[in-house]
Amino acid sequence: MNLYEEQSLKIYNSLSGKKELFQPINEGHIGMYVCGPTVYSNVHLGNCRTFMSFDMIFRYFKHLGYKVRYVRNITDAGHLVDDAEDGEDKIAKKARLEKIEPMEVVQRYTVDFHNILEQFNFLPPSIEPTATGHIIEQIEIIKDILVKGFAYETNGSVYFDVKKFNEAHEYGKLSGRKLEDMIANTRELTAQDDKHSPQDFALWKKAEPQHIMRWPSPWGDGFPGWHLECTAMSTKYLGETFDIHGGGMDLKFPHHECEIAQAEASNGKSPVHYWLHANMLTMNGKKMAKSTGNNILPGEIFTGENDILSKAFAPSVVRFFMMQAHYTSILDLSNEALLASEKGYNKLMDAVDAIENLPEGNATDFNITNWQQKCYDAMNDDFNTPILIAQLFDAVKHINLIKEGRELISKEDKKLLEKSIYAFVFDILGLENAQNNNANSDKLSGVVSLLIELRDEARANKDFATSDKIRDQLTELGIQLKDGKDGTSFSVS
RNA sequence: GGCAUCGUGGCCGAGUGGCUAGGCACAGCUCUGCAAAAGCUUGUACAGCGGUUCGAAUCCGCUCGAUGCCUCCA
């Protein structure tokens, strides 16, 4: 029996605005698509939060026993900088400024993206397709939409006819907008282009002579429109209808709205059962964004080389910090919040480390099965990681009590506790135990154990000057001694 | 201007009609040679003003404030 048959998972669906019982299209299988990054600059922490939310969701699905095909694309072409400019896309612009090939830009920042995600202990997606690798598929969809009459060609570009689409379908249903309102609120400033109406969006853009990223098409040389790649790749790898589509909140409109329109125009079906949107990471109360400069790079946090943080923070601490907030809530980054999370993280990890050596009794003072279900209940309620962490701290309390001999745990329950806490902490939340990752940890613990022994001797002789010297100097080195009932342990910060 | 979302104790952050998470910080106690660690105890918070209700932080209305989207954006 699979775990998913025992747990009933509810997910907040942006499309309906409600929490819904999750039921995959094919039993035991899940198709999930998440909009990936545009690789024209280093991935910043705000980007990471979205992907981390879906990494956690992916991990939980897998833990429940689902077979998941998780597709997360790399956008390596096609997103325009600005309508007012000449239609140059971000990657081409960056390439021109740096005098390199567009694919060099793409390669550089794709490598950076993977490198950062690895440090955050992400699981790789099942498929990571690129937009430029699916130009043919995109052209086919455009042809299809043209045939169905929901697009028109002007001067070598093809646009989606939103008004026409809205006659038979509902444009704006995801973001709660009405086409009439949008038309009413349009400022006719740019009497610019070839579009019939400002709401229309490009499926294919004609490439001007100076444009370096270009492909041949039935409408001449050009490049695909902003929203088409996700439709092409999700359809190709997950089918015309699939379970989950995720992305950042800021993509809800217009990007996801356009995806729905494209899919419905081409095959008549609503493409996605559950739309999930991860909320923004803010800094100083404002959205983190590349364009405004209000952002921080993961590398700057790991090294502490930045102006807003007082010290460096390990990737797992940052991950823990993010998991302490619900993925649909805005989260504000600050030094104080990270410091608080770091302490909590260390406390959690100390307890996790302690499980293995807990004394075994002939009974157990807390109901582990019951506790375990509370953890699942938290995750089943729209992946509520903050509640899960609260439950984990409940276990931490018991672990510490058992360690001090004030509560008991049986051998079997200890095994159960260890297994489930490892599952929630490492498999589902994706945390890593930074202290155990030290390559020299064996040697270090040998040295510290020796010092602890010397200190104990000094204390036995009431030579407190020596014992305090050992303790204080170790503290200065970042090694904290912890005296307990059964001797002294230590932790490295 | 339009459409959304949100406003929780010193800080971060869950919850959401009655049973009032959790982390950090603070205070007291236990333990300790002294500390630290750990444990215990204490904090009756939900922007403001009205309304619905036996009862609201949770529902409704208004006001104020913040943020997001409306243009590329995770």
Side-chain angles (χ1 to χ4, degrees), chain A residues 17 34-38 40 43-54 75 78-85 89-90 172 175-178 181-182 184-187 190 198-199 226 246-255 257 277-282 285-292 320-321 324-326 328-334 336-348 350-351 354 374 378 381 384-394 396-397 399-401 403-404 406-407 459 462-464 467-468 471-472 475 480-485 488-491:
Chain A
V34 171
C35 293
T38 306
Y40 67 98
V43 61
H44 68 247
L45 197 68
N47 303 124
C48 293
R49 185 190 180 200
T50 295
F51 302 129
M52 195 179 284
S53 296
F54 289 104
T75 295
H79 283 211
L80 298 187
V81 170
D82 182 339
D83 273 349
E85 285 184 33
D89 73 46
K90 282 180 172 169
S175 54
R177 285 157 212 251
K178 298 227 177 310
D181 295 344
M182 291 165 62
N185 284 308
T186 304
R187 309 157 276 196
T190 46
Q199 284 70 41
W226 312 263
M249 198 72 113
D250 49 354
L251 297 183
K252 203 170 181 183
F253 188 91
H255 184 61
E257 205 70 73
H277 289 97
N279 218 136
M280 300 293 98
L281 179 69
T282 60
K286 293 259 192 296
K287 177 188 173 187
M288 226 181 247
K290 287 168 191 167
S291 50
T292 59
F320 181 77
F321 163 72
Q324 273 185 303
H326 189 85
T328 58
S329 296
I330 292 170
L331 174 64
D332 193 58
L333 181 86
S334 68
E336 292 69 32
L338 277 173
L339 284 169
S341 286
E342 184 176 52
K343 291 201 173 177
Y345 166 82
N346 287 143
K347 186 175 169 181
L348 176 63
D350 285 347
K374 282 187 193 164
D381 185 14
N384 199 322
T385 52
I387 297 279
L388 169 64
I389 289 171
Q391 295 301 338
L392 292 177
F393 277 105
D394 188 42
V396 166
K397 186 170 154 179
I399 290 167
N400 286 325
L401 283 169
K403 195 166 121 190
E404 295 198 352
R406 298 162 74 167
E407 275 193 8
R459 290 173 73 199
K462 300 212 187 295
D463 178 8
F464 297 123
S467 69
D468 287 354
R471 180 223 283 159
D472 295 344
T475 304
Q480 186 188 33
L481 297 186
K482 299 171 183 180
D483 295 332
K485 282 264 183 288
T488 303
S489 61
F490 73 96
S491 68

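Each chain gets a letter, A, B and so on, in the order the sequences are listed, and its residues count up from 1. Values in this document were obtained by computation on a predicted structure and should not be read as measured data.
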Phosphate contact ([N] OP1 or OP2) by [X] side-chain N/O below 4.0 Å:
{"X": "Thr282(A)", "N": "rG68(B)", "value": "no"}
{"X": "Asn279(A)", "N": "rA74(B)", "value": "no"}
{"X": "Asn47(A)", "N": "rA74(B)", "value": "yes"}
{"X": "Asn400(A)", "N": "rG39(B)", "value": "yes"}
{"X": "Lys287(A)", "N": "rC73(B)", "value": "no"}
{"X": "Thr38(A)", "N": "rA74(B)", "value": "yes"}
{"X": "Lys397(A)", "N": "rC40(B)", "value": "yes"}

Just call it for [X]: base, sugar-phosphate, or nothing, with non-hydrogen atoms closer than 4.0 Å on any strand.
{"X": "Asp472(A)", "value": "nothing"}
{"X": "Gly46(A)", "value": "base"}
{"X": "Gln480(A)", "value": "sugar-phosphate"}
{"X": "Arg177(A)", "value": "base"}
{"X": "Ala325(A)", "value": "sugar-phosphate"}
{"X": "Lys286(A)", "value": "sugar-phosphate"}
{"X": "Lys252(A)", "value": "nothing"}
{"X": "Gly285(A)", "value": "sugar-phosphate"}
{"X": "Leu331(A)", "value": "sugar-phosphate"}
{"X": "Gly36(A)", "value": "sugar-phosphate"}
{"X": "Phe393(A)", "value": "sugar-phosphate"}
{"X": "Arg471(A)", "value": "base"}
{"X": "Asp394(A)", "value": "nothing"}
{"X": "Lys347(A)", "value": "sugar-phosphate"}

ask   = Counting only distance, no hydrogens or angles, is the base of rC3(B) paired donor-acceptor with the side chain of Lys178(A) under 3.5 Å?
value = no
Now, which nucleotide makes the Watson-Crick or G-U wobble pair with [N], with each of the two distances under 3.5 Å?
{"N": "rG39(B)", "answer": "rC29(B)"}
{"N": "rC19(B)", "answer": "none"}
{"N": "rG1(B)", "answer": "rC70(B)"}
{"N": "rA57(B)", "answer": "none"}
{"N": "rA47(B)", "answer": "rU63(B)"}

inquiry  = In whole Å, measure the gap between the C1' atoms of rA56(B) and rG48(B) for me.
reply    =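 Result for the C1' pair: 16 Å, nearest Å.
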query = Using the P atom in both, what is the distance from rU58(B) to rG50(B), to the nearest Å?
reply =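 Result for the P pair: 14 Å, nearest Å.
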inquiry  = Can you confirm whether Glu336(A) sits close enough to Leu339(A) that some side-chain heavy atom of one is under 4.5 Å from a side-chain heavy atom of the other?
reply    =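 Glu336(A) does not reach Leu339(A) side chain to side chain.
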Min side-chain heavy-atom separation Thr292(A)-Lys286(A) under 4.5 Å = no
query = Taking 4.0 angstrom as the limit, do Asp394(A) and Lys374(A) come out as a salt bridge?
reply = no
query = Counting N and O atoms only, with roles assigned by atom type, does the side chain of Ser467(A) sit under 3.5 Å from a partner on the main chain of Phe464(A), one being a donor and the other an acceptor?
reply = yes
task = For Thr488(A) and Asp483(A), test the side chains for any donor-to-acceptor distance below 3.5 angstrom and give the result as yes or no.
result = yes
